[in-house]
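Working notes, structure below.
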Amino acid sequence: MSRDAEREHANFERFARGETIPVEVGEIERELGALWKRASSAGDTHAGAAVSRAALWNLVIPTRGAGALAKTKALVDEIAQGVPVRAITLCLDDPGDVNAGALAGGGGLSATIESNVVSQPGGARVVYSEEITLRGPAGAETHFGALVRALQIPGVPTAALWMDAAMPVALLTRELLPVTDRLIVDTGSCVRPPHLYDLQRLAAQAHPLPVADLGWLRLGSLRLLFAGLFDPPVGGAPLRRATRLSVRHRPRGDLSALLLVSWLGQMLGWRPLRSVQTSDGGLRFDFTRDDGARGDAEPEVQAYLVPAEGACDASGVLAIELAVDGRDDYVVCRTAMDQASVQLPIAPAKAVKLDSYSDAELCVAALGPRGRDPLFAKCLAYAGGLWALEPQTTVSQR
Amino acid sequence: MKTLSEESLLLPNPLREGLVEERIPEPAAMVIFGASGDLARRKLLPALYSLTRDRLLPARFAVLGFGRATLTDDAFREEMRRGCEEFARRRPVDPALWAAFARNVFYQQGAYDDPAAFLRLKVRLEEIEHTLGLPGNRVFYLSTPPSAFAPVIRSLGHANLAPKPAPGQPFSRVIIEKPFGIDLQTARALNTEVHDILAEQQIYRIDHYLGKETVQNLLVFRFANGIFEPLWNNHFVDHVQITGSETVGVEARGGYFEQAGSLRDMVQNHLLQVLSLAAMEPPVAFEADAVRDEKLKVLKALRFIPESDFEHQVVRAQYAAGSIGGQTVPGYRSEPDVSPRSTTETFVALKLFIDSWRWAGVPFYLRSGKRMPKRVTEIAIQFKEAPHLLFGKRGETIRPNVLSIRIQPDEGIALNFGSKLPGPAMEIAPVSMEFRYGSSFGVEPPEAYERLLLDCLLGDGTLFTRGDEVEASWSWVSRIHQRWAAEVAAGRTTLDSYPAGSWGPEAADRMLAADGRAWRLP
Ligand SMILES: NC(=O)c1ccc[n+]([C@@H]2O[C@H](COP(=O)([O-])OP(=O)(O)OC[C@H]3O[C@@H](n4cnc5c(N)ncnc54)[C@H](OP(=O)(O)O)[C@@H]3O)[C@@H](O)[C@H]2O)c1
């Protein structure tokens, strides 16, 4: 066997096993083409079934630093199990990162390719998708835009997964958004609500692209359970007479809690009047249902964000409680990681399962129809409006 | 504890808005009649379990099995668990999830025509609903042999278990298994019985073929893509072939099959449903009645086969001994519970026409059989040849374009076309562009029953057959049965035979050969 043939054979073996293969930046497409061609002719003997190469999305993920890259790659592996994608990961090295796969390439960039395999229960491999990783030192982002444009599979939509606030935002807004069909963000990774403004700005810049938020999707099960309380036989009447809402949340879950308040405010037509800091370190928002009400009007509904501790998923939300006419409580309260208790005045409290999803499952959902939820944009804007109310300094007692 | 005010019953739930994408039904109870049977264990409970696993059922949901067999709740749960372990799409069964699911699974013993048993059923159902906080939404699944359909519906009526729909009231829906009648007369009679008690919108006549992903995709394929519909007519389509073949024989159901035959078992329902979806005009909306109105028009436009052409357009046959998958298998007449002089067909091939502007002159060839070499259901649209044969001049034939839509297994769509072989000469070879669900989306489509149970819970009847459709298809099919009955009475039966493991009798090949065509090898 010649050296080239040997290298090719070794690369193919690694490719079929899903291992990382370093390639030259300018040769990515050619190398992938050769490996797939070989895989399809070797399919019957190698993997026990013909090879199907599939991609429903180009998924571009900018990230920074070796640690974040490792997490991103694990995430991509898991996403590929749910939806075949061509993943293009763009990584800027942090000072001190060892870029082991680096080959001398344009702009100090290095590239690797690998396959992701979905197996059937019996072990037969059914679908292969591919993952391309581009790495470079700070400044290399100037090359990323052109590389993404060259590597997008034509005719397949592109999503940008923007989760790493350490990446230069211009890469997203100038280079990626113009060639992107869907933007995916994660409000759950925003440390404080002020980051909400950044997200709102991003969503505005992305307009009219659909923006999917993993944080919003994470709240899906809770919203569903809470909404279910007002299905027949209860119906929507109590919602019109709501007087107090509390969302208990872990300290880092204040943005999720704010989104939940915004959801109810948006759906039930509450007009924000003011926000007030509470003695327990939380916030209270006052609302009216009257469109013509003045800013100093008496509140008809008060919503509290209450910091608390307890077992919780990544959303950080522990409970939603809605009081109607000042007395009947409609409550969904997390009792364990995947359990909740629901209460409503017409039935005894009941334990139910409260699903939580991995980030990869949420990404798969974000690539599906749930990633086009127009309600998210409305609630995000509403949340921005709430946050913009300067909290009054008078400390209120709950 | 509070009671409900009249006012609250009528107000819709604004928080559901935007959550519709989830397609989560309202909390409900499902009562399965004939719960000790094969279908419940193999299909229904596994489908409900898989839906739970995929988080598509409401958190508050109960299943109540009903039947004559005496079973405890626990014995019924255990039996259903075994069914799920063997047949659920989502396997292995997750013990914690099963435990939570099975807590809301119950069994109630009773006879199908016993009013007292139905009153007990009602009390039990109300108890369960009260304990689980269910609002009284109910689905009744008739998974019994057809002889019990009418008694069950009458008993539901007597016990007032399935009141007609009223605004603000919980729903009651009834799923009826196939076969819906055995000819036009019995189907009409059953429709009359059913309509005595239920409104048409409460009735969900199931045809599990319609729950298959590719069958639904047929509508998407035709009406969401701009390029195919302009070709979907007699200007471009030469003919259409619809095949529904099985490798199995009659297995343990010889007694049933003797009364049914392939025309009843496969063609009247599944293949004619598939045909109507393939041939219908675009509906005004993707809504139950709009879609079913268009399907009905196709069924009504099926030309009755004239007496003079009967022998050229209808072939029936029975399998003889042969070999399937390397195993020797007996002929139909040697199967258990089958008469050695049986004239029941295990294969039928039909040539039919749809009298509409779109399909004038385009033959549709349908065939269905047991003990065929492969299990396949597909629709193949064969297009006319290119008008001017630039390339086929030296006598070699260029194969026509075929669009094949595979319903099972390996759901997908393939388009065959000719392509130039690489090289200096102008040689043309057929190639295929394929789309396969499994490989394009990386996931296997859900089971048909999952989709259909969910649709019924959501009140979406699009993929169920309406009463008038059933009657229209029986009206067409019954004429063939009448003609066969007359042949038998006259002592001259046109029944061919084919060896198990073949694609049917020679007569079926001759039927197409007479038109200068041939069956595809699917
Ligand atoms: N099995 C399938 O894969 C399949 C596929 C498509 C359609 N179907 C249709 O679905 C329905 C149920 O199918 P299945 O296979 O579950 O039927 P099955 O096992 O023969 O019967 C289901 C149950 O119905 C009850 N039953 C009521 N009257 C009966 C009678 N006269 N003879 C025997 N049992 C009677 C029995 O329970 P108790 O004795 O406890 O009352 C029996 O366990 C049928 O209409 C069938 O045509 C079945």
Side-chain angles (χ1 to χ4, degrees), chain A residues 50-56 80-85 118 120-121 126-129 220-221 223-240 263-264 267-269 328 338 340 342 344-348 350 352-355 357 368-370 372-376 378-379, chain B residues 1-28 52-55 58-61 89-92 96-97 100-101 103 129-137 167-171 434-444:
Chain A
V51 168
S52 301
R53 175 190 189 185
L56 289 180
Q81 297 298 310
V83 57
V85 294
V118 177
Q120 268 180 337
V126 285
V127 183
Y128 289 71
S129 56
S221 322
R223 285 173 51 219
L224 208 57
L225 260 189
F226 191 71
L229 300 184
F230 304 95
D231 282 340
V234 174
L239 290 166
R240 295 196 171 176
W263 170 52
L264 287 161
M267 301 314 285
L268 302 178
D328 302 329
D338 59 350
V342 293
L344 59 174
I346 60 156
K350 202 169 81 101
V352 293
K353 195 160 159 27
L354 183 60
D355 293 317
Y357 298 88
R370 290 171 62 199
R372 273 188 271 107
D373 183 355
L375 199 53
F376 167 64
K378 287 188 195 156
C379 293
Chain B
M1 222 173 274
K2 265 188 72 155
T3 54
L4 298 167
S5 69
E6 287 296 310
E7 170 217 8
S8 70
L9 281 179
L10 302 176
L11 276 189
N13 177 359
L15 299 185
R16 278 280 167 198
E17 197 192 316
L19 290 172
V20 286
E21 208 92 72
E22 313 267 355
R23 283 178 53 92
I24 306 277
E26 289 176 16
T52 307
R53 167 69 224 270
D54 286 353
R55 305 163 167 122
R60 287 178 284 155
F61 186 77
R89 183 171 55 89
R90 297 305 210 145
R91 276 176 291 158
L97 191 62
F101 174 74
R103 254 200 306 275
E129 287 169 343
H130 180 76
T131 322
L132 301 180
L134 300 178
N137 292 323
Q169 291 302 312
F171 63 74
E434 293 208 30
F435 150 73
R436 290 268 169 263
Y437 263 87
S439 50
S440 291
F441 295 114
V443 289
E444 291 302 316

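In what follows, chains carry the letters A, B, and so on, assigned in the order in which the sequence lines appear, proteins first and then strands, with residues in each chain numbered from 1.
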task: Answer with side chain, backbone, both or neither: which region of A:Arg223 has an atom nearer than 4.5 Å to a non-hydrogen atom of chain B?
output: both
- request: Indicate yes or no for a side-chain donor-acceptor contact from B:Arg60 to the backbone of B:Gly133 under 3.5 Å, with no hydrogens or angles considered.
  value: yes
Chain A contact via B:Pro27 - which portion, at a heavy-atom distance below 4.5 Å: side chain
query: Shortest non-hydrogen contact from B:Pro14 to A:Gly236?
result: CD-CA, 4.1 Å
query: Counting N and O atoms only, with roles assigned by atom type, does the side chain of B:Asn137 sit under 3.5 Å from a partner on the main chain of B:Pro170, one being a donor and the other an acceptor?
result: no
field: Heavy-atom proximity to chain B below 4.5 Å, by part of A:Leu354
entry: neither
task: With a 4.5 angstrom heavy-atom cut-off, could you sort out which part of B:Leu97 is near chain A: side chain, backbone, both or neither?
output: side chain
task: Taking all heavy atoms of B:Phe61 and all of B:Leu134, pick out the closest pair and write down the distance.
output: N-CD2, 4.0 Å
